[in-house]
*Asks:* 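Here it is: the structure, laid out below.
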Number of protein chains: 2
Amino acid sequence: MRKLPVKLASQLYGAAELIAERGLDGTKIEDIAEATGIPKATLYYHLEGKNAVLEFLLTDLLEMIAGAVGIAIASAESARTRLETAVTAQLGVMLEHPFLCRALVGDLGRATRLPDLAVALRAAFFEPIEQLLTDGAADGSLRQVTDPSAVATSIFGAITVAGLSAAVDGPLKEPSSEAVRLSAAISDLILDGLAPPGTRDALES
Amino acid sequence: MRKLPVKLASQLYGAAELIAERGLDGTKIEDIAEATGIPKATLYYHLEGKNAVLEFLLTDLLEMIAGAVGIAIASAESARTRLETAVTAQLGVMLEHPFLCRALVGDLGRATRLPDLAVALRAAFFEPIEQLLTDGAADGSLRQVTDPSAVATSIFGAITVAGLSAAVDGPLKEPSSEAVRLSAAISDLILDGLAPPGTRDALES
DNA sequence: CCTATGTTGTACTGCTAGTACAAACTGTGA
DNA sequence: TCACAGTTTGTACTAGCAGTACAACATAGG
């Protein structure tokens with residue numbers, strides 16, 4: 001199944017919108033064949049089934065995200081700055097590929113049951129954030145938090161849901177500027193919080 | 001389909017774990033029949049199919065969450081305090097029902113394609129938060145943000161993903177104390193942010 | 001021109017959701 | 001006790017789709 005010929009791979013993207021719209025179950029293999037122009041027999045020659053189609057598409061998306069985020073966090077800036085850059089990078093890729101995102105949400109359950117994908121998902125989304133949190137505590141550009149893992153999960157959720165929801169609401173005309181707008185809002189939230197200036201406190205009693 | 005007899009309704013919960021584990025597609029109606037003790041013919045007498053089983057379970061979960069959150073935000077406290085209470089309430093219900101949560105993630109796509117559920121989902125999760133943001137800006141207990149809708153989506157994402165991820169990681173022995181712990185971490189994040197004290201600034205140039 | 005590998009149409013199998021229906025059971029009201 | 005409505009359940013059936021089998025054909029490298 002690895003080493004899918006490039007031509008087929010690119011045709012396969014034609015199935016993303018279909019899957020995004022109806023879910024994988026609502027999509028017949030025959031529909032995918034028709035939408036991509038790849039005959040059913042050929043699909044089965046290269047792929048192991050419907051799930052493999054989804055897996056191929058999502059692996060790709062996750063690799064794009066992991067790649068973009070990877071570049072963003074590799075700079076020499078402070079962790080705080082890198083966090084902001086990473087947020088923008090992740091949202092950028094997501095908004096650039098709304099159909100893939102919608103397919104991902106729609107079949108999240110299946111995705112998390114595909115072992116390779118679950119790993120890719122963690123690597124693309126969660127781990128970079130966790131790393132930045134650690135770095136930030138070390139270089140002083142981010143506050144030390146009580147429960148870094150819970151906070152990383154929440155940040156991951158904030159970014160991802162915002163991106164997903166933007167993707168679901170409809171493909172944008174200007175994905176990259178929208179990504180900048182959205183990520184500004186998110187960075188604003190996760191860096192400065194919602195408490196009015198001057199009221200900061202330790203929440204624990 | 002409305003007015004499912006109470007006895008059947010309670011038996012139906014026996015299917016939640018199954019669906020959480022394998023997804024709705026991986027679960028045969030016969031499996032549900034066996035797990036719940038409700039014969040297939042009876043299931044079809046009351047429900048319109050597999051989707052209706054999921055819809056029933058999730059509607060219930062969403063109503064529980066909407067109810068708990070509704071109570072939390074109805075108090076006379078400041079919006080900020082109510083936000084913290086609401087976070088705890090939502091997480092409390094989610095952690096109390098890990099299988100339902102897992103079923104929800106797993107079949108999120110299907111869920112959002114069930115019109116009633118999509119509405120319930122918004123009402124349970126998103127709208128209360130948006131409301132609190134407005135209230136907080138009015139009563140001065142929360143900062144006015146540039147893009148309230150994006151921020152509400154992000155907060156919703158932060159809470160929900162944290163809860164979902166806790167539910168997926170495994171049922172807890174002590175759901176309610178875990179909910180308190182988690183919601184403290186989230187409130188800490190969304191109220192005070194990650195910037196170290198004294199470095200707050202407007203992010204926009 | 002021979003062989004590997006890929007491509008595709010066609011026909012088939014097997015599984016499962018959903019349906020049909022008849023027989024039995026339950027409670028209610030007269 | 002009976003009649004009736006609603007419910008319960010087993011059994012048998014239909015239909016649709018994923019996945020398989022396979023043969024004919026294409027293509028390219030040596």
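Naming convention: chains lettered A, B, ... in sequence-line order (proteins, then strands); numbering from 1 in each chain. The structure displayed is predicted, hence computed values, not measured ones.
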*Asks:* Rounded to the Å, how far apart are B:L47 CG and D:dT7 P?
*Replies:* 13 Å

*Asks:* Please give, in whole Å, the distance from C:dA17 C1' to B:I19 CD1?
*Replies:* 14 Å

*Asks:* Should the side chain of A:K40 and the base of D:dG19 be counted as holding a donor-acceptor pair, with the cut-off at 3.5 Å?
*Replies:* yes

*Asks:* From the list C:dG9, D:dT20, D:dT8, which nucleotide is the closest neighbour of the side chain of A:A41?
*Replies:* C:dG9

*Asks:* Of the nucleotides C:dA17, D:dT8, D:dA18, which one has an atom closest to the side chain of B:I29?
*Replies:* C:dA17

*Asks:* Please check if the side chain of A:K50 supplies one atom and the backbone of A:L24 the other of a donor-acceptor pair under 3.5 Å.
*Replies:* yes

*Asks:* Kindly point out which of C:dG18, D:dT8, C:dT8 is positioned nearest to the side chain of A:T42?
*Replies:* C:dT8

*Asks:* Could you identify the nucleotide paired to D:dT27, looking across every strand shown and requiring Watson-Crick or G-U wobble geometry with both distances under 3.5 Å?
*Replies:* none

*Asks:* Rounded to the nearest angstrom, tell me the gap between atom CD in A:E30 and atom C1' in C:dT8.
*Replies:* 13 Å

*Asks:* Around atom CD of B:E178, are there more than 12 heavy atoms from other residues, nucleotides or ligands closer than 6.0 Å?
*Replies:* yes

*Asks:* To the nearest Å, give me how far apart CG (B:L8) and C1' (C:dT26) are.
*Replies:* 14 Å

*Asks:* Taking the side chain of A:K28 as heavy atoms from C-beta outward, which of C:dG6, D:dT11, D:dA18 is closest to it?
*Replies:* D:dA18

*Asks:* Counting only side-chain nitrogens and oxygens, does B:Y45 get under 4.0 Å of the OP1 or OP2 atom of D:dT7?
*Replies:* yes

*Asks:* Indicate syn or anti for C:dA4, taking the glycosidic torsion and treating anything within 90° of 0 as syn.
*Replies:* syn

*Asks:* Could you state the atom-to-atom distance from CD of B:E48 to C1' of C:dG18 in whole Å?
*Replies:* 12 Å

*Asks:* If you draw a 6.0 Å radius around CD in A:E96, do more than 12 non-hydrogen atoms from other residues or ligands fall strictly inside?
*Replies:* yes

*Asks:* Write down the partner of C:dA4 under the Watson-Crick or G-U wobble criteria, each distance required to be under 3.5 Å.
*Replies:* none

*Asks:* Would you kindly give the CG-to-P distance between A:L43 and D:dT20, to the nearest whole Å?
*Replies:* 13 Å

*Asks:* Of the listed nucleotides (C:dG9, C:dG6, C:dA17), which one gets closest to any side-chain atom of A:P39?
*Replies:* C:dG9

*Asks:* Compare every heavy atom of A:I186 with every heavy atom of A:I159, then report the nearest pair and how far apart it is.
*Replies:* CA-CD1, 4.0 Å

*Asks:* In whole angstrom, what separates B:Y44's OH from C:dA17's P?
*Replies:* 6 Å

*Asks:* Once you apply a heavy-atom cut-off of 4.0 Å, does B:K50 come out as touching a base, just sugar-phosphate, or nothing?
*Replies:* sugar-phosphate

*Asks:* Drop me the distance from B:L117's CG to B:E55's CD, to the nearest 0.5 angstrom.
*Replies:* 5.0 Å

*Asks:* How many whole angstroms separate atom CG of B:D25 from atom C1' of C:dC15?
*Replies:* 14 Å

